[in-house]
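Notes for the one structure printed next.
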Amino acid sequence: MIKIIKKLNFLLLIIILLLNIKSLNGKIVYGDILSFERVLSPEIGKNITLPWGDEKVVRLCNPFGDEKVPIVVSNNIPLGKEVSNDEDFLSMFGNHSFATLLAHFNCKKSEETCIRINTITPQFTSCLLIASIDGYDHVTFNSSLGGVPTNMNSWKVDTVGKFSNYLPKAGRIIVKNDTRQISLGCFEESSKNNLNYVLIHPTKPIDTIDICYKSFSEASEYVLYGLLDCGDASKSSFSISGYVFSDKYYSSNRTNNPPITGQTVYIKQRSGLVYDLDGKPVTQAITDERGFYYFNNIPSGDYQVYIRPSDPTTQFSPITDLNLEDAYTNKATNGSIEAYVFINGSGVVPVSKTNFDDIMLTSVYVIREMNIGILPKNISLIGMIFIDYNANGIMDVDIANTSATDTPFSGVKVQLIDGNRVVREVITGADGLFSFPDVPYISTGYIATIYTPTGYVMTNYPFPPAPSPGEIINLEIVPETELLVGLINNDNYCQDAPLMAIICYANQGYNESHADDPVLITFPSTATKHLYNMPHGTVQHVAAHKDIGSVYGIGIDRNTGDIFTSSFMKYFSGFGPNGTGAIYKSTTKNNNYQSSLYFDLNRAMNQIDYCGTDSHVYPMDNYDEGVEKVGKIAFGDLDIHNGSLYTIALASRELLRVSISDPTDFQLYNIYNPCIDEPDDWRPFALGIRHGNIIIGGVCTMESNPVTKPVGYVMEMGGNIILQIPLDFPRGCKSFGGSFCIPGDYTPWSSVYFDSQPWISDLTMDGENMIISIRDRGGDLDRDVGTYDILRACFNGDQLILENSGSCGGVNGAHLLPSGYFGTPDGINGGEYYNDNFYYPTDNDGHDNVASTAGVVIPGYHTLFGSSLDIDSVGQGTVKVWDNTNGLLLYGIGVYLQNNENPTNNFGKANGLGDMEPICYNYIK
Ligand SMILES: *[C@@H]1O[C@H](CO)[C@@H](O)[C@H](O)[C@H]1NC(C)=O
Ligand SMILES: *[C@@H]1O[C@H](CO)[C@@H](O)[C@H](O)[C@H]1NC(C)=O
Ligand SMILES: *[C@@H]1O[C@H](CO)[C@@H](O)[C@H](O)[C@H]1NC(C)=O
Ligand SMILES: *[C@@H]1O[C@H](CO)[C@@H](O)[C@H](O)[C@H]1NC(C)=O
Ligand SMILES: *[C@@H]1O[C@H](CO)[C@@H](O)[C@H](O)[C@H]1NC(C)=O
Ligand SMILES: *[C@@H]1O[C@H](CO)[C@@H](O)[C@H](O)[C@H]1NC(C)=O
Ligand SMILES: [Ca+2]
Ligand SMILES: [Ca+2]
């Protein structure tokens, strides 16, 4: 203690000399507030509390305990003397006559000592003045608030200066900092008497500063410091402003995000209520149409700005920007911003009347962009794309035999759009659904952009004019309502209940006794009764025998409804007036049809027998010649595709294409011949359309070398074989009765009419699966009976696989083993997918295979319509209807019934029907 007093005496001496205080009257003149006597270093360990300046109360203590007691005295330095006349220096002390500072002594080479200055309340506007640092002094300090260390890089230097303008030069103080501490030093030669100083302030509130000092020379054993008020509280009025925005981008940035108008923003001080500088309480502000709010004319303080969402599950912008100087960014954590607003506070700037946000403010300072981002409530949006087969705009889901069931449309790209922004993108799956779960709600709403596949149009337009096929469609999509989008293209479209056109055959030459018999008729596809029992007029006679003679293939022009038919060689039914190369067109006129020659391949090729010579013998009384030409002259199946009709010229085994708008535009294509050993046995006949391309079906008939069974082929136009059909499977009984079974196995083609001679006559797609109709050539060689097959081939994602044992593609059909009516094996591996058996109870007999010669699947239908025979009578030409999903025979419509009065009217069971097509019109004209 004595030692310390001694040192103090020494110190006083120094100070008196230094400050040039001439007369002390035996008593040192102290500052207004600090008491020299009280601030003696031994006391520091006892936590001295002393008032400092007008408002502050400061506690001093020794942070390191008794071993390292700092020597500190208070000091009142008179202002405005020679040693203290620098204007900048003076300006810091207002109109005070003394600068009240602490002097911290440290003897050369004694250990560093520290002093802790603690203010009871957080300091917003305090600056730290440290003075008298020369080359031998080393001062460091750090600060904290509530025990939380300050990042010392956030302190800012205000002034580096000197006490006196009069005395020689003072050395400049160098400030170095890192996050933990600030170090002060001086490397310039300085006058002993002109003290240097640095004024430095925190940009965040603090309540504690630890200052440590060590001296390296007796020439300099003290530094001075003090807390000054940097802000003039009377001038320091503040505002807080910011934006509340809907953070739909999850960007935590108000840029581009929509404002939230009418949002209440609350404010409070950590220590309680907020009163503005007029003394009025301030509690809340409401955001304007820009989402902007402000609190005006409030004192400096430790504020919390927050919102109180009515929905407790409200979520806020994910990223909080702690740098309050940044514009645009979200400053709130969970909807609440903590901001120390004071002069020099981070982000606190003078109000600028050129800044739009400040126009309403009357304060001197403002902290702007105290933004609060609210994540919009998530919503889920869903929709579905379906194929609207009948284009009625409704997703028809009922399953009926004679109407389409609309199906989900997979593989369609759908984007969710907000303005120009693609929020998400999906491709519809097998369920046709597109869903956007958990997207932020936006008041402007979303658009679903449908990338309509090529050729498709939307059927449930909310808008005329309708976009053209394949055009991208933008639709509003709203929560809680599934956006249903029906799409259709022409190929998949058919109006409800289309008429069906079918070929019948009339006996004899076209101009003989049966000249007026109808051979091309239409009937409602919804018919369930036999046509001959239906009201008059239900069936329309399109063309008579005299108009077109014997034809097989039918094609419908979807634009006009015109019907094209091609000549066909059949026993006891003569060619039409224009011979073997004729393709006829039947066109509606005044509610009636008119038929005429459209194209003649013989004429077009300038060769009278290009399609074969008419081998019938006329007049045809009871008998016909030339039947070995069946299947070898005239034409096969006919289909229309892309504005042209296609048929097969049987004599030359070529594919013929003729434009349906211009008969002079035609073309013949070679067809690949898969019958390597006996090329002459290749009999292409059937046509179909798969994946938008023509496919061809034919048989290697084994006619010229009948040692093996015939083999069928289905190929693409270029000859790529997509299906091989060995026609060697058991076929039950061609006819059976109580005690007999006439085997129905296929034979090579021959002139024996009772042989079952396989003739692939039609190819029908059921989605990705294929239905192959096999006519019995034997039925066209006589007037006896033909028995048919339908085979189903299922696509396994890679190739078509023929039905086997009555199953196809993993689906069991109608006739698993044993499949023949009397248990005989019937079909590939003994079973068959489609039930084509016929049993006639009256006579206790029947046929095991009366399937179809031409099949129709109207788009979207689950049924197969086939031209066949025998449903409930013998000698009946019949359209049968099967269920494609299980092979069941559902019902049949008798087309005609051979009766005993006029047995030669039709062909009865002898292949009395030909091709069949629905008259579907184009939806997109
Ligand atoms: C001084 O105050 C500090 C903190 O307020 C405390 O930790 C310390 O024990 C006090 N010292 C004495 C001697 O009272
Ligand atoms: C000087 O200080 C006194 C009290 O500290 C105050 O009343 C007075 O207004 C001040 N004068 C000026 C010019 O600031
Ligand atoms: C200053 O730093 C020292 C060492 O890390 C630490 O013990 C002390 O508490 C700090 N002082 C303040 C005021 O944060
Ligand atoms: C501390 O360092 C940072 C940069 O790291 C600087 O911006 C800041 O002004 C410095 N503070 C002082 C008091 O020198
Ligand atoms: C916020 O948006 C502004 C304006 O687009 C941009 O300059 C700034 O970098 C953004 N800030 C952040 C943190 O993304
Ligand atoms: C086709 O037959 C009809 C009816 O006999 C006849 O009027 C027409 O001239 C024939 N057309 C040709 C090109 O021979
Ligand atoms: Ca529909
Ligand atoms: Ca059968």
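Every number for a ligand or one of its atoms is a count from 1 in the order of the listing.
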Please enumerate all residues that pass salt bridge (Lys or Arg N to Asp or Glu O under 4.0 Å) together with D624, with sequence neighbours excluded. none
The atom of E832 among N, O or S that is nearest the Ca ion (ligand 8) is OE2
Is any N, O or S atom of D848 under 3.0 Å away from the Ca ion (ligand 8)? yes
Partners meeting salt bridge (Lys or Arg N to Asp or Glu O under 4.0 Å) with E512 (sequence neighbours left out): none
I'd like the residue list for ligand 5, meaning every protein residue with a non-hydrogen atom under 4.0 Å from the ligand. N253, T255, Y328, T329
Mind checking whether the Ca ion (ligand 8) has an N, O or S of N837 under 3.0 Å? yes
Give the atom name of whichever N/O/S atom in D826 sits closest to the Ca ion (ligand 8). OD2
Listed by chain and number, what are the disulfide (SG to SG under 2.5 Å) partners of C733, not counting sequence neighbours? C741
Suppose I only count heavy atoms of R603 and a 4.0 Å limit; which atoms of ligand 6 are within that range? 12 (C), 13 (C), 14 (O)
Can you classify the ring geometry of Y505 versus F568 as parallel (below 30°), tilted (30 to 60°) or perpendicular (above 60°)? tilted
Taking the six-membered ring for Trp, are Y598 and Y584 ring centroids under 6.0 Å apart? no
Take S805 and S807, measure what side-chain hydrogen bond (donor to acceptor under 3.5 Å, both in side chains) needs, and give me the verdict at the end. CA-CA 6 Å; S805 310; S807 287; over 6 Å; no
Tell me, please: is D600 in heavy-atom contact with ligand 6, that is, under 4.0 Å? no
Examine H616 together with F575 and report whether their ring centres are nearer than 6.0 Å. yes
To the nearest 10 degrees, calculate the angle at the Ca ion (ligand 8) involving OD1 of D836 and OD1 of N849. 80°
Salt-bridge test for K248 and D418: reply yes if a basic N is under 4.0 Å from a carboxylate O, no otherwise. yes
I359 atom CD1: more than 12 heavy-atom contacts under 6.0 Å: yes
Please examine the side chains of D780 and W759, heavy atoms only from C-beta on, and report whether any two atoms are closer than 4.5 Å. yes
Contact atoms of ligand 6, heavy-atom distance to N578 under 4.0 Å: 1 (C), 2 (O), 3 (C), 8 (C), 10 (C), 11 (N), 12 (C), 14 (O)
